Q: 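Okay, handing you the structure first.
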Protein chains: 2
Amino acid sequence: MDEPAWLDEHELSAWQAFLATGAIINRLVEQQLKDDSGLSHSQYEVLVRLSDAPDGELRMTELAGAAFTSKSGLTYQVAQLEKAGLVRRRACPTDVRGVIASLTDEGWAALRAAAPGHAALVREVFVSGLSREEFAGLASGLSALLGRLSVHAG
Amino acid sequence: MDEPAWLDEHELSAWQAFLATGAIINRLVEQQLKDDSGLSHSQYEVLVRLSDAPDGELRMTELAGAAFTSKSGLTYQVAQLEKAGLVRRRACPTDVRGVIASLTDEGWAALRAAAPGHAALVREVFVSGLSREEFAGLASGLSALLGRLSVHAG
DNA sequence: AACCAGTTGTTCAAACCCGAACCAACAGCC
DNA sequence: GGCTGTTGGTTCGGGTTTGAACAACTGGTT
């Protein structure tokens, strides 16, 4: 009801930290992937989602929901990945409109090759350096936030 | 030393939550600002940094450091803001190369107009819905992370 | 069967963002 | 004064992302 119109000191600094960490970490991840594997972060995410799905394939829409891009953005990235031979597209048997993206052998290989370096960086910039309690608090806060946002995103 | 090459379950889900929340929240913020004030998030950030600085002015480099864009990205955004009349550029008295960006009256006004709606959204998607403990944990985790990253960013 | 609201994925123009190259100007040094 | 290495900011080229418009299709209703 009588919520103040502004963020208080703690809220503001948490918000700033959220933005700053996001920006910095994204940049680092982007750089590492590009340098070591020639993949962009979005492309890597697409490969990961596919690899998590049964048979390594997923409808475009599901993929767009799981990854964090718009539909058109996904079309573009999948086209890039297809050009690179990491992903194949095929028609969906149950829906003529549908397109199914699936990992090729090269796609699996690229992912296997890229993952360890990526994991190491994530560990370095996101996990290590925090105490067990700090990390636990961060993790549970983020997960609560995500749960809350899912409502919003609906 | 013998760090596993992969992220364990907890690390992975925290990482995913970090990416997902960042993506979703950024999108919501972007949308709200654009709809209500015609500003992009980056532009809003630039205005905020300037308003935080003494006399509402800052050198380009300091601005680029404080906001989270590259130098060229900043040049672009400041040009946009200048075109919109919200920011003015003037030469730096102590360094001929230097450029000082400063808020115009319209800039102050635009910021004052945009801030409450922005604050309300941040509150809604970032603060509220979390218990006091969850938020505290999240905040301290983020701040630890940021402190850790500053080393990295050097 | 014919309609109709909703979904699917692509295309298009525009905006955005980055890194590299660049020029000009600083600072420190001999 | 003249070098030399560094910094400040813009420019440029290219890749990326977005939302809106679109055409094709679906599933349910009458």
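Just so it is clear, the values below take in all heavy atoms, side chains as well, and ignore hydrogens, waters and symmetry mates. Bear in mind that the values here come from a model prediction, so they are computed numbers and not experimental data. Naming convention: chains lettered A, B, ... in sequence-line order (proteins, then strands); numbering from 1 in each chain.
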Q: Starting from P on D:dT18, measure out to CG on B:Asn26 and report it in whole angstrom.
A: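 Rounded to whole Å, this separation is 11 Å.
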
Q: Identify, between B:Gln77 and A:Met60, the residue whose nearest nucleotide on DNA chain C lies closer to the 5' end.
A: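 Its nucleotide being nearer the 5' end, the pick is A:Met60.
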
Q: Below 30° counts as parallel, above 60° as perpendicular, anything between as tilted: where do the rings of B:His118 and B:His41 land?
A: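 Geometry flag for B:His41 against B:His118: tilted rings.
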
Q: Quick check on C:dT7: is either OP1 or OP2 less than 4.0 Å from any side-chain nitrogen or oxygen of A:Arg59?
A: no

Q: Taking C-beta and beyond as the side chain, do A:Arg90 and A:Glu57 meet within less than 4.5 Å on heavy atoms?
A: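 Yes - at least one pair of side-chain heavy atoms lies under 4.5 Å apart.
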
Q: Taking OH from B:Tyr76 and P from D:dT16, how many angstroms apart are they, rounded to a whole number?
A: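 The distance from OH of B:Tyr76 to P of D:dT16 comes to 18 Å, rounded to the nearest Å.
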
Q: Kindly say if B:Ser70 contacts the phosphate of C:dC17, meaning a side-chain N or O under 4.0 Å from OP1 or OP2.
A: no

Q: Answer with base, sugar-phosphate or nothing: what part of the nucleic acid does A:Ser40 contact at a heavy-atom distance below 4.0 Å?
A: nothing

Q: For A:Trp6, does its backbone N or O pair with a side-chain atom of B:Arg123 as donor and acceptor, under 3.5 Å?
A: yes

Q: Which comes earlier along DNA chain D counting from the 5' end, the contact point of A:Phe68 or that of A:Thr94, where each point is its nearest nucleotide?
A: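 On the 5' side of the pair lies A:Phe68.
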
Q: For C:dC17, take OP1 and OP2 only and decide whether either is under 4.0 Å from a side-chain N or O of A:Arg27.
A: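 For A:Arg27, the contact criterion (side-chain N or O under 4.0 Å from OP1 or OP2 of C:dC17) is not met.
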
Q: Starting at CD of B:Gln43 and ending at P of C:dA15, how long is that distance when rounded to a whole Å?
A: 12 Å

Q: Round to a whole Å and report the spacing from CD of B:Glu62 to C1' of D:dT7.
A: 13 Å

Q: Heavy atoms only, 4.0 Å cut-off, all strands: where does B:Glu30 land among base, sugar-phosphate and nothing?
A: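 Nothing, no heavy atom under 4.0 Å.
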
Q: Taking for each residue the nucleotide of DNA chain C bearing the nearest heavy atom, is the 5' side occupied by A:Ser72 or by B:Lys71?
A: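 Per heavy-atom nearest nucleotide, the more 5' residue is A:Ser72.
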
Q: Whole angstrom is fine here: how far is it from CD in A:Gln80 over to P in D:dG15?
A: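 Roughly 9 Å, once rounded to whole Å.
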
Q: Could you tell me how far apart B:Leu28 (CG) and D:dG19 (P) are, to the nearest whole angstrom?
A: 11 Å

Q: Can you check whether any acceptor in the base of D:dT7 is under 3.5 Å from a donor in the side chain of B:Arg97, or vice versa?
A: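 Indeed there is one.
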
Q: Between C1' on D:dT7 and CG on B:Asp95, what's the gap in Å once rounded to a whole number?
A: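 About 8 Å, once rounded to whole Å.
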
Q: Can you tell me how far C1' of D:dT16 sits from NE2 of A:His41, to the nearest Å?
A: 15 Å

Q: Contact class for A:Gly73 vs. all strands (heavy atom < 4.0 Å): base, sugar-phosphate, or nothing?
A: base

Q: Treating Ile, Leu, Val, Met, Phe, Trp and Tyr as nodes and any side-chain heavy-atom pair under 4.5 angstrom as an edge, say whether B:Phe68 and A:Phe18 lie in one connected cluster.
A: yes

Q: Would a 4.5 Å heavy-atom cut-off, applied to side chains only, mark B:Leu47 and B:Trp108 as touching?
A: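 No, side chains not in contact.
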
